[in-house]
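The next block holds one structure in the form of structure tokens; read it before the comments.
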Amino acid sequence: MSSVEAHGQEKPESTSSLIPTLPGSHYTDAAVFELEKSRIFQSNWFAAARSSDMPSPGNFRNVDVGGESVLIVRGRDGALRAFLNVCRHRGARLCTEEAGSVRKSLQCPYHAWTYGLDGSLIAAPNLNSMNDVNRDEYGLIGVTLREWLGTVWVCLADEPPPFEDAVQGAVTARMGDPSAIDGWGIDELVVGKRITYDVKANWKLIVENFMECYHCATIHPELTDVLPEFADGYAAQYFVGHGAEFGEEVTGFTVDGQGGFGTLAGVDEDHDRRYYAITINPQVFINLVPDHVIFHRMYPVAVDRTIVECDWLYTQEVIDSGVDLSGSVELFHRVNQQDFDACERCQPAMSSRAYASGGVLVPSEHHIGEFRDWVASAVAG
């Protein structure tokens, strides 16, 4: 006799359509989060910053990647490089600011060990008198770096997973064509607006929310006005290659469905008047619409806190024209606020005994099961 039958209850027929989520403890347990930092964020490609954040030699950005401080620096040769933000002498952090600029070198504020923008040790007090010290052995520890879609991707793993599979492959799996995303020319777009959100929720709740639209009719009235099919509960990511179609009277991806800035030159007719959403594990969301791109980067900082940096990207021509971007920005800013509010409502319940075994996914959310399996496999090692 099953445990269900023993309690005098019959298993609902609909249960066969449902699959379980992760247990509640995976969203609240600090020990689980520590495993995620090492086995997910430090082991996979992590979108750290927009390349244009560091336009000139000496510009740097300091990013937390799974608990490691990673320093991204524009070298004198124009190339971007990444290093662990740790002095090789006594372990002091070289740069404590989130972003900034240095002239020609990086100097530790503790004992003045000094490094070139390429990470090499170039000076230290009394170093010239220590003839047995090989400076080449005491440069900054490098971090693997790639640039793609105008974004700096870093990976702390000794042997990073193939970028073409882990990152570019995720885009291909969603769009159905490896070259489809090229039409948006994301490398050449510029940041028209950046909003940073401090979300009091586990990073996985945010990913799961972004991947589905079962909630869209409930909490996203502005979005479903622009994309009416979302009211049916199926997210664009549910289908390979599918873009949600604009409503008949909609002329722009804006808060009132009006306006817009003209279709990007590389976006063909098949992709015009459509919205595409892409998730790249573990912390990137890309939203493609005909005239701009919305790019989210998540920075998980605690089991119940996630910083989300969202960029609205436009052509340089649009930015230079001085056109009002507020209607365009406002639509997804509201979507973000609505989503993050929902995630923050879920977070306290993750520790409830009612959620100890987790929840369930309905058929329109079943693709989230793949994300669940990916996380569970990574954490298990």
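Side-chain atoms of T254 come within 3.5 Å of backbone N or O of G257 as a donor-acceptor pair. When atom types are taken as modelled, the side chain of D373 and the backbone of E370 share no donor-acceptor pair closer than 3.5 angstrom. In terms of modelled atom types and a separation under 3.5 Å, the side chain of E147 and the main chain of V152 share no donor-acceptor contact.
The side-chain hydrogen bond (donor to acceptor under 3.5 Å, both in side chains) check on D270 picks up nothing, with sequence neighbours excluded. Residues forming a side-chain hydrogen bond (donor to acceptor under 3.5 Å, both in side chains) with Y355 (at least two apart in sequence, or on another chain): T21. Applying the side chain to side chain contact (heavy atoms under 4.5 Å, CB included) test to A112 and every residue at least two apart in sequence or in another chain returns Q107, P125. Checked against side-chain hydrogen bond (donor to acceptor under 3.5 Å, both in side chains), H296 has the following partners two or more places apart in sequence or in another chain: N287, N336. For T144, there are no side-chain hydrogen bond (donor to acceptor under 3.5 Å, both in side chains) partners, not counting sequence neighbours.
H242 and E229 share a side-chain donor-acceptor pair at under 3.5 Å. Between the side chains of T263 and D272, at least one donor N or O lies within less than 3.5 Å of an accepting N or O. One side chain, Y299 or R297, offers a donor N or O that lies under 3.5 Å from an acceptor on the other. In the model, Y197 has a side-chain atom that pairs as donor or acceptor with a side-chain atom of H333 under 3.5 Å. Between the side chains of E222 and Q338, a donor-acceptor pair is found at a separation under 3.5 Å.
Note on residues 49-78: no pairs pass ring-ring contact (aromatic ring centres under 6.0 Å, His included), not counting sequence neighbours. Sorted by first and then second residue, the ring-ring contact (aromatic ring centres under 6.0 Å, His included) pairs with a member in residues 65-93 read H89-H111, H89-W113; sequence neighbours excluded. Applying the side-chain hydrogen bond (donor to acceptor under 3.5 Å, both in side chains) test to residues at least two apart or on different chains, the pairs with a partner in residues 23-33 are Y27-E208. Screening residues 77-110 for disulfide bond (SG atoms under 2.5 Å apart) gives no qualifying pairs among residues at least two apart or on separate chains. Residue pairs meeting the side-chain hydrogen bond (donor to acceptor under 3.5 Å, both in side chains) criterion with at least one member in residues 67-77, sequence neighbours excluded, are N62-S69, S69-N85, D77-R81.
Cation-pi geometry between R273 and F246 is not met: the NZ or CZ atom fails to fall both under 6.0 Å from the ring centre and inside 45° of the normal.
Side-chain rings of F46 and W153 stay apart, their centers remaining 6.0 Å or farther from each other.
Remark: E137 does not engage R88 in a salt bridge, criterion side-chain N to carboxylate O under 4.0 Å. Electrostatic pairing of D198 and R305 counts as a salt bridge here, judged by a charged N lying under 4.0 Å from a carboxylate O. Comment: D53 engages R194 in a salt bridge, judged by a side-chain N to carboxylate O separation of less than 4.0 angstrom.
In the hydrophobic clustering, where aliphatic and aromatic side chains (Ile, Leu, Val, Met, Phe, Trp, Tyr) are joined below 4.5 Å either directly or transitively, I219 stands alone.
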Distance-only criterion, 3.5 Å: show the donor-acceptor pairs between side-chain atoms of residues 179-186 and protein atoms not counting sequence neighbours.
from	atom 1	to	atom 2	distance (Å)
S179	OG	D177	OD1	3.0
W184	NE1	V289	O	2.8

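L149 pairs in a side chain to side chain contact (heavy atoms under 4.5 Å, CB included) with only one of the listed residues (V167, D187, L313, V293), which is D187.
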Worked verdict on Y276 versus H271 for ring-ring contact (aromatic ring centres under 6.0 Å, His included): CA-CA 9 Å; Y276 296 85; H271 296 100; 5.4 Å; yes

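Within a 6.0 Å radius of CD in E317, no more than 12 heavy atoms belonging to other residues, nucleotides or ligands are found. Heavy atoms of other residues, nucleotides or ligands lying less than 6.0 angstrom from CG of D320 number more than 12. In this structure, Y214 places its OH atom where only 12 or fewer heavy-atom neighbours from other residues, nucleotides or ligands lie under 6.0 Å away. By the 6.0 Å contact criterion, CD on E164 is enclosed, its count of non-hydrogen atoms from other residues, nucleotides or ligands being greater than 12.
One finds the CE atom of M211 at 5.0 Å from the NE2 atom of H367 (value rounded to the nearest 0.5 Å).
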